[in-house]
2 protein chains.
Amino acid sequence: MNRVQEGPVAKGRRTRPARATIRDVAAQAGVSVSSVSRVMNGEPHTSPELHARIMRAVNRLRFEPHSAAQALRSRESKTIGCMVADLSNPLYSEMINGAEEELQRAGYVLMLAATRHEEDRETAFVSAVRRRRMDGLLLFAGDNAHTDFTGALANLDLPCVAIDREVSGVPSVRADHRGGGLEITRYLIGLGHRRIALLTGRAALLPSSERLAGYRQAHAEAKLAVDPDLIRPQTQGSSIAFSDVCQLLRSPNRPTAIITLGTHMLAGVMDALASSGLRYPDDVSLVCIGDTDLARHATPGISALTWDLDQMGRVAANILLDRIRGGDEAKKIRPVYLPTRFILRHSGATPRAP
Amino acid sequence: MNRVQEGPVAKGRRTRPARATIRDVAAQAGVSVSSVSRVMNGEPHTSPELHARIMRAVNRLRFEPHSAAQALRSRESKTIGCMVADLSNPLYSEMINGAEEELQRAGYVLMLAATRHEEDRETAFVSAVRRRRMDGLLLFAGDNAHTDFTGALANLDLPCVAIDREVSGVPSVRADHRGGGLEITRYLIGLGHRRIALLTGRAALLPSSERLAGYRQAHAEAKLAVDPDLIRPQTQGSSIAFSDVCQLLRSPNRPTAIITLGTHMLAGVMDALASSGLRYPDDVSLVCIGDTDLARHATPGISALTWDLDQMGRVAANILLDRIRGGDEAKKIRPVYLPTRFILRHSGATPRAP
DNA sequence: CCCGTTCTTGGAAACGTTTCCATACCTTAT
DNA sequence: ATAAGGTATGGAAACGTTTCCAAGAACGGG
């Protein structure tokens, strides 16, 4: 062992100074490597004097343990994977924001991947999760039709939590989109609407399908038939909503009310309304999902269905941490539901007499 | 070495199957460990037959290299740190979205930390960057007054790129906020406004201070004095903007135009206008920074200053990758500027005769 | 035909931790 | 007094790769 005794000093001229290792600390403090490790990890059976000596050396050398070495030996990476389709969707980023705070507090770091709904990115990330031996995985709403991906996930054998998404064998946190869909549809039916358009997200996403279920239930309760033509799952943003709604509004028996996603899509709907010369709430009633600045500050204000995104991220993170620690709760895989809340503004009215 | 020859099979009953290691692959293929490593890393000097044999074994055993071991030995973690104050701000999340895509393509994974402008979180993340031996660091707009943090950063000796932020010795990508501020202030002065309120973000953030500089320059060009009372740096969201603007509008010589941030703050401004019984553009002209749905779809539409967020993230990511690879560009630390664009809508008018 | 290259492969030493085991020293109960 | 147990420390063997070095095979030029 021809290790330089002097510690972490630069050898050459332009070479960066070598970082201190645990052996350097041990040497500097005149103790064994294992004692340093014990002190660093706060294990019991260490005398106060030893502790002090070692910490002094640690500070002097600015020692910082190499986490790859720790991960290699201890089989814990202190890393959580986070998979989301689209980070630029503020609904997701707000949830992630909440989750990250909780994880940070527990000493974990988030590894983020945006998949853009592409299956190869999804499977690629699962592979990254395996190679990096991440300790857990947060799955934000994504397409369950991707069977390669869900298959890879099933073989993963890792603590996971799904957010607004259903993955078999994985606990999940969900907003009560079904109840919310029920509530707002009931509200519109109660106003007298019989033709209510539903512009929701991609059909394969759980929030959309749940919303649709609530919508159907409200119709069933009122003994109303559902016109499938009024249900428009959207794959893209506002531009698609725009043409879709234009077409819808031009039809002979046009909808008298529209339920739409609040992010991106609402904008397209408003444009379509304007370009068709129609106004809300007089000509068409409007309810949007997800409370956004646009919904709040449009004139008149647009009634919205909302729920606590930050909280949702936090709850998910804490369930995941529980599972990682193998807590008693670890068996529960029943979904946790968060309530939605309907904010009544001025975008709804009794439909005009035909 | 009493390693089980059979490969990665479970030993006990409920224990998870051990993952195959490179030695297992080597044994299965009847070759040396170093050959497996070479093939896995696509190094030259490997015969086709060897390659085939090894890949067969890799697939059979579902071998996936342990990235901690790779990182430990090769001193590359293939990991990029990403520090942002507030992930729920859509301006940031959109930039991160763009950056992540570029990094993903290059085989890197993003490690995300939200600091909420708290210095201890910032320094904690710098520590994480060191311990995890991350390969690079993306710094999104943050407070330069945090000297502990900037000090820690200076000692880091790691490829960094700052986005809309100034860090000494670090290359940066910035939107031309100064030019943008100049352009919109000139526009308002050109309309005849003499009292223009500027509601920008925290003064310590680069975009805000640059904007202010542009604002001042436009005033200087027109030989107008700047009333410091009209400059309101904001630390929080819409609620503060609301009360601030209310107070401003109530003053005897109220501003005839307002420049405001488009996210969060614009909403507060609109509320304040409404509650003061004033309307835009007749009573007050409005320009907002950052084109949001609200700006686009408010009636009348609100003129906005915008720039390409996704692009900005990508540019930053690519500069960082360049630096990591030690490219020729590595010396350049002059900031790269992205242009802003002024979208003229209907929120500006000639001020009314007093 | 031999010698210097270049190509292909194997062996073994790192990389920086944690953790198991052993040891030496104290207690304390029998 | 001695066995039994706990506490504080050190030594060394992992963890799973990459990479350096050496050595044999193939190759081409003189």
Side-chain angles (χ1 to χ4, degrees), chain A residues 1-4 7-8 16 18-54 57-58 61-79 130-133 135, chain B residues 1-4 7-8 16 18-54 57-58 61-79 130-133 135:
Chain A
M1 173 141 334
N2 52 3
R3 175 171 288 278
V4 181
R16 71 180 61 174
R19 305 258 276 259
T21 77
I22 198 171
R23 323 171 87 103
D24 297 324
V25 175
Q28 167 89 214
V31 300
S32 77
V33 169
S34 40
S35 295
V36 179
S37 173
R38 272 189 290 264
V39 166
M40 291 297 288
N41 295 318
E43 283 177 25
H45 307 315
T46 60
S47 73
E49 310 86 74
L50 226 212
H51 185 95
R53 272 247 299 277
I54 289 176
V58 164
L61 300 177
R62 301 196 201 294
F63 169 63
E64 281 167 314
H66 191 315
S67 55
Q70 296 181 306
L72 178 58
R73 180 63 235 231
S74 70
R75 304 165 160 284
E76 264 200 341
S77 64
K78 286 292 181 183
T79 288
R130 297 177 58 99
R131 303 159 79 106
R132 303 185 103 99
R133 306 295 198 270
D135 298 327
Chain B
M1 172 142 339
N2 53 2
R3 174 173 288 275
V4 181
R16 70 180 59 175
R19 307 256 277 260
T21 77
I22 198 173
R23 321 171 85 102
D24 297 324
V25 175
Q28 167 89 215
V31 301
S32 78
V33 168
S34 41
S35 294
V36 178
S37 173
R38 272 190 290 264
V39 167
M40 291 297 290
N41 294 320
E43 282 177 25
H45 307 317
T46 60
S47 72
E49 310 89 70
L50 192 79
H51 185 94
R53 272 248 298 278
I54 289 177
V58 164
L61 299 177
R62 300 194 199 296
F63 169 63
E64 282 167 313
H66 191 314
S67 56
Q70 295 182 306
L72 178 57
R73 181 62 235 230
S74 70
R75 303 165 160 285
E76 264 199 341
S77 63
K78 286 292 181 184
T79 289
R130 297 177 58 99
R131 305 159 77 105
R132 304 185 102 98
R133 306 296 199 271
D135 298 326

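In what follows, chains are A, B, ... by sequence order, proteins preceding strands, each numbered from 1.
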Without decimals, in angstroms, what is the distance between [X] [atom1] and [N] [atom2]?
X	N	atom1	atom2	answer
B:L72	D:dT19	CG	P	12 Å
A:E76	C:dT17	CD	C1'	13 Å
B:R53	C:dT9	CZ	P	9 Å
A:Q70	D:dT17	CD	C1'	18 Å
A:R23	D:dA12	CZ	P	11 Å

Could you tell me whether [X] contacts a base, only the sugar-phosphate backbone, or nothing, with contacts defined as non-hydrogen atoms closer than 4.0 Å?
X	result
A:S47	sugar-phosphate
A:S34	base
A:V33	base
A:S67	nothing
A:S37	base

Quick check: on DNA chain C, is the nucleotide nearest B:A69 upstream (toward 5') of the one nearest B:T46, or the reverse? Name the residue that is more 5'.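 Residue closer to the 5' terminus by nearest nucleotide: B:T46.
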If you go through the side-chain atoms of A:R73, does one of them form a donor-acceptor pair with the base of C:dT18 closer than 3.5 Å?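 Such a pair exists between side chain and base.
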Got a donor-acceptor pair under 3.5 Å from the side chain of A:R38 to the base of D:dG10?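 Yes, the side chain and the base share a sub-3.5 Å donor-acceptor pair.
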Quick one: is A:H45 getting a side-chain N or O under 4.0 Å of the D:dA8 phosphate, OP1 or OP2?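 Yes, within the criterion.
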